[in-house]
Amino acid sequence: MDAKVAVIGVGSIGSMTLWQLARGGVDAIGFEQYAPGHDQAAAGGESRIFRTAYLEGPQYVPLLLRARELWRELERESGRPLLTLCGGLMIGAGGSEAMRNVVESATSFDLPHEVLDAAEMGRRYPQHRMLPGETAVLDEWAGVLRPEFAVLAAAQAARARGARVVTGCRVTGVEPSADGVRVHTPERSYTVEQAVVTAGPWTARFAPGLARHITPKKLVMTWYPARDVAAYTPDSFPIFIRESGDVHIFGIPTLDGGSVKVAPHASYGDLADADDLDRNVAAAELEPINAAVERLLPGLDPTPVRVSTYVDAYTTDGHAVVGRMPGAENVWVLGAFSGHGFKMAPAFGQVAAELVTEGKTSLPIEHLDPARFAG
Ligand SMILES: Cc1cc2nc3c(=O)[nH]c(=O)nc-3n(C[C@H](O)[C@H](O)[C@H](O)COP(=O)(O)OP(=O)(O)OC[C@H]3O[C@@H](n4cnc5c(N)ncnc54)[C@H](O)[C@@H]3O)c2cc1C
């Protein structure tokens, strides 16, 4: 045996899985095609939103609350600041499904929040131009994560506790065998008792039984100059998610002292494989997001100063696949986080560590069972 557990992909979820396994004293080895903390997959682009009043549904709140605790533990263990809580505004039409989920999450779990009408928004957050019928919920436990540093911190913390990471190594196959699981790489094969596939945008390659329900998508992020930078710092401008008619955008306060990230929720297209990502973006493709910035955020210059491209894998129902890999003994999959997995990454690291050591987890993942797509 080369290790008890192999982790395929040391990105957002894989780095946290290694960290949690190492904390539990489990002999684990991670494989990463680049190096932990890179920006070539789903975790690049400077910032990620953390929030707890969850528009995707209240079933996520226990995972989010556990993640919040683990982010602080990772900060203590690594000595790096990773999560800045600056509050979060969810803005949309009063009765929409997303706003109902936000309010239900906040009230059912007693999360600190405020409901703000347009007049109150105008007084406190004039950076947003509210439209008729819109309301906002301020989630006090929302903020900004630093994704590249967080992945690096988790991988370093895992290594400090004895985990190994093989970098610059692209796994070519994961194959259950009589003596455990074989992990194939171009140089050699490794034998382990169990494998955890956390390959992010490349998940479908390792999950043929789920592949037709998983699609890598191109995502583009854009940063706009602020006319008055002081109005967009984390202490004056909460992260936001906004559904105004057919405009779905999110935004993050300035982290570089000049530009504000505002980007569309929608993808820039499906890919047959994550390797097919074309990082170029035509100027015409930016027109809708520029128009949204001009209409809804009047304090920003609607011409982006920075544009960058990433990829994440999406399932057909927008919820990840977390559990046993269908048809593969001793292999687990945590993938296709569908554009909203980063904030919960340390909680899913705990889930993965519990699944390989106990066969079950204390956190609620029923809605993420891969079996819903199998067969
Ligand atoms: C532009 C953008 C904005 C987002 N905004 C948010 C947000 O604000 N909040 C939020 O919570 N979520 C957000 N998300 C979603 C979140 O970032 C992703 O869901 C999450 O990072 C996915 O983590 P992952 O571990 O599955 O993938 P990754 O972090 O990409 O990790 C997968 C790793 O596996 C490696 N790998 C793949 N195949 C192999 C192989 N064969 N051999 C070796 N290594 C391999 C990759 O190199 C990579 O390092 C956003 C995503 C994008 C793209």
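In what follows, residues are counted from 1 in the order of the sequence shown. All ligand and atom numbering here is 1-based and tracks the order in the structure.
- Only the backbone of His340 comes within 4.0 Å of ligand 1, counting heavy atoms alone; no side-chain atom from C-beta on gets that close.
- In this structure, Tyr54 and His340 have tilted ring planes: the angle between them lies in the 30° to 60° band.
- Contacts of Trp202 with ligand 1, taken as heavy-atom pairs under 4.0 Å, involve the side chain alone.
- Neither the backbone nor the side chain of Leu334 comes within 4.0 Å of ligand 1, counting heavy atoms alone.
- When non-hydrogen atoms are compared, ligand 1 lies under 4.0 Å from neither the backbone nor the side chain of Phe50.
- Proximity of Ile13 to ligand 1, defined as any heavy-atom pair under 4.0 Å, is shared by backbone and side chain alike.
- Residue contacts with ligand 1: Gly339 is included, with a non-hydrogen atom under 4.0 Å away.
- Neither the backbone nor the side chain of Tyr314 comes within 4.0 Å of ligand 1, counting heavy atoms alone.
- Within the cation-pi definition used here (under 6.0 Å to the ring centroid, within 45° of the axis), Lys217 qualifies as a partner of Tyr314.
- Sparse packing is recorded around CG of Asp246, with 12 or fewer heavy atoms of other residues, nucleotides or ligands lying under 6.0 Å away.
- The aromatic rings of Phe373 and His213 lie parallel to each other, their planes meeting at an angle below 30°, with 60° marking the opposite boundary.
- Both tests do not hold together for Arg51 against Trp141: distance to the six-membered ring centre under 6.0 Å, angle to the ring axis within 45°.
- When only modelled atom types and interatomic distance are considered, Ser78 and Arg80 share no side-chain donor-acceptor pair under 3.5 Å.
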